[in-house]
Amino acid sequence: MASATTDPPAPSTLFAAIDMGTNSFKMLIVRAYPNGKFFTIDQFKEPVVLGRDTSTSSTTTPFTLSHHSQLLALEALKRFQNILKSYKINKTHVRCVATAAVREAVNNVGFLKCVREEVGLEIDVLPGEQEARLEYLGMLQFFPIYEKLVLGVDIGGGSTEFVIGKQGKVIFGASLKLGHVNLTQKFGNNEENVAHMREHIRLVVQESGLVDKIKDCGFEAVVGSSGTIKAVEKAALYGYANVSNMLQVGNMVSFGDSKRYWKLSRGELKGVVESLCGGGEAEKIRREKFFKMRSEFIVAGAVLLEEIFEVIGIEEMEISGYSLAEGVIAETLAKVNDYDLNANAKWSSIVRLAMRFNSNKRMRAASQCASIAKEFFECLRKCDELAGNQVAASLDDKDLEYLEASCLLHNIGLSIEKKGYHKHSYSIIMNGGHLQGYSTEEVKLIALLARHHRKKLPNFGHVSFKEFPTEVKKKFRFLCAIIRISVALQQHRRIDFQQMEFSHSYEGFKLACGGVKVQNSPPCILEPLAEDIGDDLRQELEHFKMVFHEELLLLVPSSVSGCLRDKDIFTQGVT
């Protein structure tokens, strides 16, 4: 039997990026690996519209950050800072960047000083070209476009960035002061002002010489990023241009339709813009319902995107789920490790599929599940011997990748319907050729893990497992037990898994959690879980013991200091 784990704690693998945009602030927290792979485990957004300038007229340039906007910004950054502390992320692993609004504000020096003194964050104010470069790095983490000559377009609230790059190197970069916030402030959302907005956009583009520079460089593919472009693509996906046939948000198009996979055509864009710019009050109500907080600025953003398509001659644009924040993460990793910008090419196909079919809420749940599963996996691999199963000898890095992939994809079937969603998840993974760089056997392994994360246990005599050798079936049994307990734990709403530690000793396995979330109770008071663990979690504890022949004990701190004692064992698995 393995002794208690005595290895020193591993260096932090968590990194964070804060993007202080003109329209909103976003914070991304990722888990990174030595091989360059990373994926988001949490993300946060604050609707701080720094570009909403209340201290000067909307047509005045340069502008001043209003007192109200600065207060909102400080409060948002303080909330971000508290979250970073709760995750215990090393300060050297955090980078905060600001874009057009802060870059152009005449009072930015005082604002930056205030943030430094009150929040404790150092802000990198990005020049336009540097912003474009980081956005290109973000796109590289999402699409396998490393070898292509790519034109990247990112529409922000205060500016739009254009970048042409290949193999991680920027050939051309430019930033124009055209954003969905400043265009809205200048022209509003009225249909009669759209023509004037278009004229202004064309004039700015013409004076910049952008089109000639892009034509001189050339490009093989066009990639768009940012919330505005993704929102327009989503509108096209759900048939926003056709009111009578529009899908309800939450229902997904057929997973076999590759034409609707992270792409936006000129015709689709035109249809969305025409709908946004017509329809009067009824359209305004529909717009607010569909685009929610983005509805105020979406008309300007969509019109700007259509003009970019027109002047450059774009027929189809690939839509990246990653942008500036992910580019910041990639650059940070490059400084910490010998990071390969092309390292995420294979893994990114997993992320693209998960993001295509999952909402942000379900993505967060899937990422939490993957984090829990990783803790289990790493501890199991450290065990020298476990009930004769030789777990440590059989599990390797590839198995961890399969496990994490299945965790990220286990709930994508919910986009079709809740009943039997695990079967839908299996079908989506198996069909459509979504997972690039994985063999047929690997895809099936990931799909089967997603299929068996709930309900019936795998039947290894079934035809689905016929082609797998005995060694793979043995690994599958271990991985299946891990994903099942991880999903059950993640779905237990009262347990906080933000801080957790999985260990093994002569007593068995222990999962120490950061605490128990109790509504309307002081943080020092914890409620026992023994009578409230739920049937699903109880069944998975039984299955875990059946597979690994040892109990799993769940522990929570009984004091503010977070110390763990034996009497704090609230859930003791199955005896």
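Relative ring orientation between Phe297 and His180 is described as tilted, the plane-to-plane angle lying within the 30° to 60° band.
The salt bridge (charged side-chain N to carboxylate O under 4.0 Å, His left out) analysis of residues 399-414, with sequence neighbours excluded, yields the pairs Lys37-Glu404, Asp399-Lys475. Annotation: side-chain hydrogen bond (donor to acceptor under 3.5 Å, both in side chains) contacts involving residues 15-24, sequence neighbours excluded, comprise Ser24-Lys26.
The two residues Leu264 and Ala236 make their nearest non-hydrogen contact at CD1-CB, 3.8 Å. Contact between Ser159 and Ala100 at its shortest, heavy atoms only, is OG-CB, 3.6 Å. Pairing each heavy atom of Ile350 with each of Ala405, the nearest pair is CD1-CB, 3.7 Å. Contact between Asn358 and Leu408 at its shortest, heavy atoms only, is ND2-O, 3.9 Å. Of all non-hydrogen atoms in His434 and Ile428, the two that sit nearest each other are CD2-O, 3.3 Å. For the pair Leu269 and Ala302, the tightest heavy-atom approach, listed with the atom from each and the gap, is CD1-O, 4.2 Å.
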What verdict does the salt bridge (charged side-chain N to carboxylate O under 4.0 Å, His left out) test give for Asp42 and Arg31, after you've listed the backbone C-alpha separation in whole Å, the side-chain angles of each residue and the deciding distance to 0.1 Å?
CA-CA 9 Å; Asp42 222 336; Arg31 185 183 302 280; over 6 Å; no
- Let me see the working for Phe15 and Phe38 under ring-ring contact (aromatic ring centres under 6.0 Å, His included), right down to the final yes or no. CA-CA 9 Å; Phe15 290 77; Phe38 72 82; 9.0 Å; no
- Kindly indicate, with the supporting measurements, whether the criterion side chain to side chain donor-acceptor pair (under 3.5 Å) is fulfilled by Ser323 and Glu135. CA-CA 5 Å; Ser323 186; Glu135 284 157 356; 4.8 Å; no
*asked:* For a salt bridge (charged side-chain N to carboxylate O under 4.0 Å, His left out) check, start with the C-alpha distance between Glu233 and Lys230, then their side-chain angles and the critical distance, and finish with the verdict.
replied: CA-CA 5 Å; Glu233 185 264 348; Lys230 285 189 288 185; over 6 Å; no
(Q) Before you tell me yes or no, could you show the steps for Leu305 and Ile229 under side chain to side chain contact (heavy atoms under 4.5 Å, CB included), namely the whole-Å CA-CA distance, both residues' side-chain angles and the distance that decides it to 0.1 Å? (A) CA-CA 8 Å; Leu305 182 59; Ile229 296 180; 4.2 Å; yes
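Scored by the side-chain contact (heavy atoms from CB on, under 4.5 Å) test, Glu46 finds Phe25, Val48, Ala76, Arg79, Phe80 as partners (sequence neighbours excluded). With sequence neighbours left out, the side-chain hydrogen bond (donor to acceptor under 3.5 Å, both in side chains) criterion links Thr40 to no other residue. Checked against side-chain contact (heavy atoms from CB on, under 4.5 Å), Thr440 has no partners two or more places apart in sequence or in another chain. Judged as a side-chain hydrogen bond (donor to acceptor under 3.5 Å, both in side chains), and not counting sequence neighbours, Ser359 has no contacts. Applying the side-chain contact (heavy atoms from CB on, under 4.5 Å) criterion to Gln206, with sequence neighbours excluded, gives no partner residue. His410 pairs by the side-chain hydrogen bond (donor to acceptor under 3.5 Å, both in side chains) definition with nothing, not counting sequence neighbours. Judged as a side-chain contact (heavy atoms from CB on, under 4.5 Å), and not counting sequence neighbours, the contacts of Ala16 are Ile29, Leu84, Ile89, Val94.
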Run the side-chain donor-acceptor check on residues 108-122: report pairs under 3.5 Å with partners two or more places apart or on a different chain.
| unit_1 | atom_1 | unit_2 | atom_2 | d |
| --- | --- | --- | --- | --- |
| Asn108 | ND2 | Val102 | O | 2.9 |
| Asn108 | ND2 | Ala105 | O | 3.4 |

Would you mind writing out the side-chain donor-acceptor pairs for residues 162-174 within the sub-3.5 Å range, not counting sequence neighbours?
| unit_1 | atom_1 | unit_2 | atom_2 | d |
| --- | --- | --- | --- | --- |
| Gln167 | NE2 | Glu147 | OE1 | 2.8 |

Show me the side-chain donor-acceptor pairs of residues 479-487 shorter than 3.5 Å, one per line, residues at least two apart or across chains.
| unit_1 | atom_1 | unit_2 | atom_2 | d |
| --- | --- | --- | --- | --- |
| Arg484 | NE | Glu540 | OE1 | 3.0 |
| Arg484 | NE | Glu540 | OE2 | 3.3 |
| Arg484 | NH1 | His452 | O | 2.8 |
| Arg484 | NH1 | Arg454 | O | 3.4 |
| Arg484 | NH1 | Lys455 | O | 3.4 |
| Arg484 | NH1 | Lys456 | O | 3.4 |
| Arg484 | NH2 | Lys455 | O | 2.7 |
| Arg484 | NH2 | Glu540 | OE2 | 3.1 |
| Ser486 | OG | Ala373 | N | 3.4 |
| Ser486 | OG | Ile482 | O | 2.7 |

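Phe219 is listed as a side-chain neighbour of Ile312, based on a closest heavy-atom distance under 4.5 Å. Here the side chains of Gln141 and Ser348 are not in contact, with every heavy-atom distance at 4.5 Å or above. Residues Glu161 and Thr99 form no side-chain contact, since every pair of their non-hydrogen atoms from C-beta on lies 4.5 Å or further apart. Side-chain contact between Arg362 and Leu414 is present, with heavy atoms from C-beta onward closer than 4.5 Å.
Only one option out of Leu137, Ile329, Leu126, Asp154 pairs with Leu324 in a side chain to side chain contact (heavy atoms under 4.5 Å, CB included); it is Leu126.
Of the inter-residue distances, the one linking Thr160 atom OG1 with Lys177 atom NZ reads 13.0 Å to the nearest 0.5 angstrom. Here the CG atom belonging to Leu210 is positioned 5.5 Å from the CG atom belonging to Leu176, to the nearest 0.5 angstrom. Atom OG in Ser349 sits 5.0 Å away from atom CG in Leu435 (nearest 0.5 Å). Atom CD1 of Ile155 sits about 9.0 Å away from atom CG of Leu178, to the nearest 0.5 Å. Rounding to the nearest 0.5 Å gives a distance of 9.0 Å between OG1 of Thr332 and NE2 of His93. Atom CG of Leu409 and atom CD1 of Ile429 lie 4.5 Å apart (nearest 0.5 Å).
Judged purely by atom type and a 3.5 angstrom limit, Asn182 uses its side chain to pair as donor or acceptor with the backbone of Gly179. Judged purely by atom type and a 3.5 angstrom limit, Glu220 uses its side chain to pair as donor or acceptor with the backbone of Leu149.
Side-chain atoms of Gln490 and Gln368 form a donor-acceptor pair, as typed in the model, at a separation below 3.5 Å.
A cation-pi contact links Arg356 to Trp262, judged by a cut-off of 6.0 Å to the six-membered ring centre and 45° from its axis.
Summarising the local packing, NZ of Lys78 is surrounded by more than 12 heavy atoms from other residues, nucleotides or ligands at distances under 6.0 Å.
Salt bridge present: Arg266 and Glu315 bring a charged side-chain N and a carboxylate O closer than 4.0 Å.
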